[in-house]
Amino acid sequence: INTFGAVTHKVDSFQDLADGITLFEVLADIDPRYFKLIRSADVGSNWVLKNANLKKLYKLLSRYYEDMLSLDFSKLPVVDLAAIAKDSDTQEILLLCKLILYIAVFCPDNEKYIQAIQTQLLPQQQEYIMISIDQVIKRINTEPNMEMDNNSSSSYVDDGTYRSQSELSRVSKEKEELEIQNKQLIEKHSALLNKYVRKTPNHQFYSVS
């Protein structure tokens with residue numbers, strides 16, 4: 001977090017991220033047009049205000065994945081924002097940071113962030129970042145559940161008639177096309193990351209398996 005130039009206060013602990021303000025600064029640094037920096041006063045220990053900041057951040061984050069990266073945000077684990085706001089939950093803060101880190105590495109201006117990782121962090125820290133990014137990639141690349149629930153698995157509808165075979169075929173074809181497009185996007189993102197990984201001297205910035 002401290003490698004981002006827009007961060008106004010040095011982060012010394014995960015608790016420093018619980019109000020969402022610093023994370024907003026990070027996102028505004030990544031894309032100031034998409035993530036408008038909040039001008040919130042110090043929220044102190046008021047968890048309701050913290051939660052409001054985090055909800056706004058999370059909403060914009062999900063939209064960025066969908067609109068700018070063309071990725072299905074619903075495949076990613078849901079962050080418990082209330083746990084962050086109330087208890088500064090470390091695991092939930094880490095999860096939120098991973099989602100933001102992925103954006104930094106794959107945004108249009110990603111080269112400067114990758115360079116910051118390569119030059120400002122220790123090899124062990126770089127490895128942890130790569131593992132975190134890999135975890136997000138694998139979640140996004142998870143195949144959708146092919147099993148439908150009992151209501152949708154049957155072609156028999158409530159009025160006692162069967163769906164037309166042509167409709168079922170059309171839906172199935174559209175689903176296959178969407179899955180192919182999603183795979184292509186994931187492969188594109190993985191290839192982009194590995195491109196920068198290979199450019200790193202001495203392989204300090206580890207590649208994704």
Side-chain angles (χ1 to χ4, degrees), residues 1-4 6-32 34-107 110 113 117 121 124-145 147 149 182 185-186 189-190 193 208:
I1 296 296
N2 290 320
T3 63
F4 289 86
V7 173
T8 56
H9 296 88
K10 183 180 178 182
V11 176
D12 295 316
S13 67
F14 287 111
Q15 287 70 27
D16 295 337
L17 303 175
D19 58 10
I21 295 176
T22 299
L23 294 178
F24 252 115
E25 290 179 340
V26 170
L27 288 170
D29 188 75
I30 294 173
D31 193 333
Y34 204 94
F35 299 100
K36 293 183 179 180
L37 190 61
I38 58 174
R39 302 297 179 186
S40 175
D42 185 8
V43 298
S45 59
N46 190 322
W47 79 269
V48 176
L49 295 179
K50 291 180 182 180
N51 200 43
N53 282 347
L54 292 168
K55 282 184 176 180
K56 181 179 179 181
L57 181 148
Y58 196 65
K59 184 176 182 180
L60 290 173
L61 190 67
S62 65
R63 287 180 178 176
Y64 193 92
Y65 268 81
E66 302 279 353
D67 298 342
M68 306 303 291
L69 301 180
S70 300
L71 297 174
D72 187 356
F73 191 76
S74 65
K75 288 186 175 183
L76 299 171
V78 177
V79 179
D80 188 342
L81 302 179
I84 296 177
K86 284 184 177 181
D87 306 315
S88 298
D89 187 283
T90 300
Q91 293 303 315
E92 296 302 320
I93 293 175
L94 272 173
L95 177 55
L96 185 56
C97 287
K98 288 178 182 180
L99 301 181
I100 294 173
L101 177 63
Y102 183 90
I103 286 181
V105 172
F106 288 109
C107 72
N110 62 348
Y113 300 113
I117 293 172
L121 300 181
Q124 295 89 341
Q125 295 171 321
Q126 295 179 31
E127 183 176 17
Y128 176 79
I129 287 175
M130 289 306 304
I131 291 173
S132 298
I133 294 172
D134 193 32
Q135 289 172 346
V136 176
I137 290 175
K138 287 178 179 177
R139 287 300 295 260
I140 292 175
N141 203 25
T142 301
E143 292 291 339
N145 188 1
E147 296 181 1
D149 58 33
N182 182 61
L185 283 170
I186 297 299
H189 288 165
S190 297
L193 180 58
V208 177

Subject >> Donor-acceptor contact present, side-chain Glu92 to main-chain Asp80, <3.5 Å >> reply: yes
**OP:** Using the side chain to side chain contact (heavy atoms under 4.5 Å, CB included) rule, take Lys55 and Leu81 through it: C-alpha gap first, then chi angles, then the decisive distance, then the call.
**Re:** CA-CA 7 Å; Lys55 282 184 176 180; Leu81 302 179; 4.0 Å; yes
Original post:
What is the minimum heavy-atom distance between Ala18 and Leu54, and which atoms define it?
Top reply: O-CD1, 3.4 Å
Original post:
Under the 3.5 angstrom rule, does the side chain of Lys75 hit a backbone N or O of Ile140 as a donor-acceptor pair?
Top reply: yes
**OP:** Can you measure from NZ (Lys86) to OG (Ser45) and round to the nearest 0.5 angstrom?
**Re:** 14.0 Å
Subject >> Verdict with reasoning, Thr3 to Leu121, per side chain to side chain contact (heavy atoms under 4.5 Å, CB included) >> reply: CA-CA 9 Å; Thr3 63; Leu121 300 181; 4.1 Å; yes
Original post:
Would a distance-only check, ignoring hydrogens and angles, find a side-chain to backbone donor-acceptor pair under 3.5 Å from Asp16 to Val11?
Top reply: no
**OP:** Over all heavy atoms of both residues, which pair between Leu95 and Pro77 is shortest? Give the atoms and the distance, please.
**Re:** CD1-CG, 3.6 Å
Subject >> Distance, nearest 0.5 Å, that separates SG of Cys97 from CD1 of Ile1 >> reply: 4.5 Å
Original post:
Is it true that a side-chain atom of Asn53 and a backbone atom of Ile21 form a donor plus acceptor pair closer than 3.5 Å?
Top reply: no
Subject >> Glu25 side chain reached by Thr8 side chain, heavy atoms, under 4.5 Å >> reply: yes
Original post:
If only atom types and distance count, is the side chain of Glu66 paired as donor or acceptor with the main-chain N or O of Asp72 below 3.5 Å?
Top reply: no
Original post:
Quick check: does any side chain N or O of Asn46 sit under 3.5 Å from a backbone N or O of Val48, one acting as donor and the other as acceptor?
Top reply: yes
Original post:
Do Leu61 and Leu27 touch side chain to side chain, with heavy atoms closer than 4.5 Å?
Top reply: yes
Subject >> Whether Tyr64 and Tyr34 hold their rings parallel, tilted or perpendicular, with breakpoints at 30° and 60° >> reply: perpendicular
Original post:
Would you say the side chain of Lys56 lies within less than 4.5 Å of the side chain of Phe24, judging by non-hydrogen atoms?
Top reply: yes
Original post:
Could you give the distance from CG (Asp89) to CD (Gln15), rounded to the nearest 0.5 Å?
Top reply: 10.0 Å
Subject >> Interatomic distance, Leu57 atom CG to Phe35 atom CZ [nearest 0.5 angstrom] >> reply: 7.5 Å
**OP:** Please round to the nearest 0.5 Å and tell me the distance separating atom CZ of Phe73 and atom CG of Asp67.
**Re:** 12.0 Å
Subject >> Interatomic distance, Leu101 atom CG to Leu96 atom CG [nearest 0.5 angstrom] >> reply: 11.5 Å
Original post:
Taking Tyr65 for the side chain and Leu99 for the main chain, is one N or O donor matched with an acceptor at less than 3.5 Å?
Top reply: yes
Original post:
Which is it for Ile30 and Phe4 under the side chain to side chain contact (heavy atoms under 4.5 Å, CB included) test, yes or no, and what are the steps along the way?
Top reply: CA-CA 9 Å; Ile30 294 173; Phe4 289 86; 4.0 Å; yes
Original post:
Closest heavy-atom contact between Ala104 and Tyr113?
Top reply: O-CD1, 3.5 Å
**OP:** Could you go through the side chain to side chain contact (heavy atoms under 4.5 Å, CB included) check for Leu23 and Tyr58 one step at a time?
**Re:** CA-CA 10 Å; Leu23 294 178; Tyr58 196 65; over 6 Å; no
